[in-house]
Amino acid sequence: MTIRVLLVDDQPLLRTGFRLILEGEPDIAVVGEAGDGAQAVELTRTLLPEVVLMDIRMPGVDGIEATRRIVREGAATHDPRVLILTTFDLDEYVVEAVRAGASGFLLKDAPPEDLVTAIRIVANGDAIVAPSVTRRLLDKFATRLPAVRETAPPRGLRMLTERELEVLRHVARGLSNAEIAAELVVSETTVKTHVGNLLAKLGLRDRVQAVVFAYETGLTQPGQS
């Protein structure tokens, strides 16, 4: 399968550089370019890319708002994944982008092979931000982002079994399947099943969104171990 990619950056030279890297890959096709967030949303509707490579800071509609719109609109159509490009890995804009539905982020100066690998991972439905990194980001910027600390009605939590809720708490701590299995004295396969079930019940796409959900429902708090 060819992965359709939309490039979004307000700097034409950067878009050209990314295009040159990606066009050398047999399973990746650059289907379009956008210079701002509004154009990115429109081109996502018409070109139907699997992955949107999104700059986070742009004039007008920035990468965060564009990500929010693309994820919201795409959920009912082809479910595009957004991969955020940023200059700093611990950045409040990255936090907002992850909360808006981005499937991961990548530093702009990452090696070309990392960019290609990240696009393939995201296109496959996985996230490239480890839950532990998401947790660290949310902890770092929680005081600047009041919305992260608000307790939303925990309606979704009532759908989970006690074991799934326990697994979700461990996921929110940034633990891997192996670490959760050791904590609960069960197999990794069992943990993987629980994670899949809770994601499906809560309508979440990946473990990163599960960490954000845990913050937004008050299941976990900044600095909690």
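Starting from 1, each residue takes its place in the sequence as its number.
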Say whether M54 and L48 are linked into one hydrophobic cluster, either directly or through other cluster members, by side-chain heavy-atom distances under 4.5 angstrom. no

Return the minimal non-hydrogen interatomic distance between E50 and T2, and the atom names on each side. OE1-O, 3.8 Å

Side-chain contact, heavy-atom cut-off 4.5 Å: T44 with P49? yes

So how far is it from L83 CG to L115 CG, rounded to the nearest 0.5 Å? 7.0 Å

Side chain to side chain contact (heavy atoms under 4.5 Å, CB included), that's the test. Do L22 and L7 meet it? Break it down for me. CA-CA 10 Å; L22 299 179; L7 303 178; 3.9 Å; yes

Would a 4.5 Å heavy-atom cut-off, applied to side chains only, mark L107 and T86 as touching? yes

Strictly distance-based, threshold 3.5 Å: is any side-chain N or O of R205 a donor or acceptor partner for the main-chain N or O of G101? yes

Which pair of heavy atoms, one from M159 and one from K201, lies closest together, and at what distance? CE-O, 2.8 Å

Is R69 salt-bridged to E73, going by a charged N under 4.0 Å from an acidic O? no

Tested for side chain to side chain contact (heavy atoms under 4.5 Å, CB included) against L160, the lone hit among N197, V167, L165 is L165

Can you tell me if Q39 uses its side chain to pair, donor with acceptor, with the backbone of G35 under 3.5 Å? yes

State plainly whether the residues E25 and R120 are in salt-bridge range, i.e. N to O under 4.0 Å. yes

Shortest non-hydrogen separation from G74 to P80 and the atoms involved: CA-CD, 3.5 Å

So do T220 and R169 actually touch side chain to side chain, heavy atoms under 4.5 Å? no

I need the S187 OG to K192 NZ distance, nearest 0.5 Å. 11.5 Å

Side-chain ion pair, R68 and E65, N-O less than 4.0 Å: yes

Pairwise distance CD1(I119) to CD1(I3) - rounded to 0.5 angstrom: 7.5 Å

Check: R4 and H78 side chains under 4.5 Å, non-hydrogen atoms: no

Closest approach of A210 to L199 (non-hydrogen atoms, all atoms of both residues): CB-CD2, 4.0 Å

Do E164 and L168 make a side-chain contact, defined as non-hydrogen atoms from C-beta onward lying under 4.5 Å apart? no

Rounded to the nearest 0.5 Å, what separation is found between the CZ atom of R81 and the CG atom of N124? 9.0 Å

Would you say CD of E162 has more than 12 non-hydrogen atoms from neighbouring residues, nucleotides or ligands within 6.0 angstrom? no

Charged N to carboxylate O below 4.0 Å: is that the case for K108 and D55? yes

Would you confirm whether R207, through its side chain, and L175, through its main-chain N or O, come within 3.5 Å as a donor-acceptor pair? yes

What about L43 and V61, same hydrophobic cluster or not, with Ile/Leu/Val/Met/Phe/Trp/Tyr joined at side-chain heavy-atom distances under 4.5 Å? no

Verify the cluster assignment for I21 and L14: are they in a single hydrophobic cluster under the rule of side-chain heavy atoms below 4.5 Å apart? yes

Considering only heavy atoms from C-beta outward, does the side chain of F18 approach that of L85 to under 4.5 Å? yes

Would a 4.5 Å heavy-atom cut-off, applied to side chains only, mark I64 and I56 as touching? yes

I need the I84 CD1 to T67 OG1 distance, nearest 0.5 Å. 3.5 Å

Closest heavy-atom pair, V94 versus F105, reported as atoms and distance to 0.1 Å, is CG1-CD2, 3.3 Å

Under a 4.5 Å cut-off applied to non-hydrogen side-chain atoms, are L13 and Q11 in contact? no

Do you know the tightest heavy-atom contact between L184 and E166? CD2-OE2, 3.3 Å

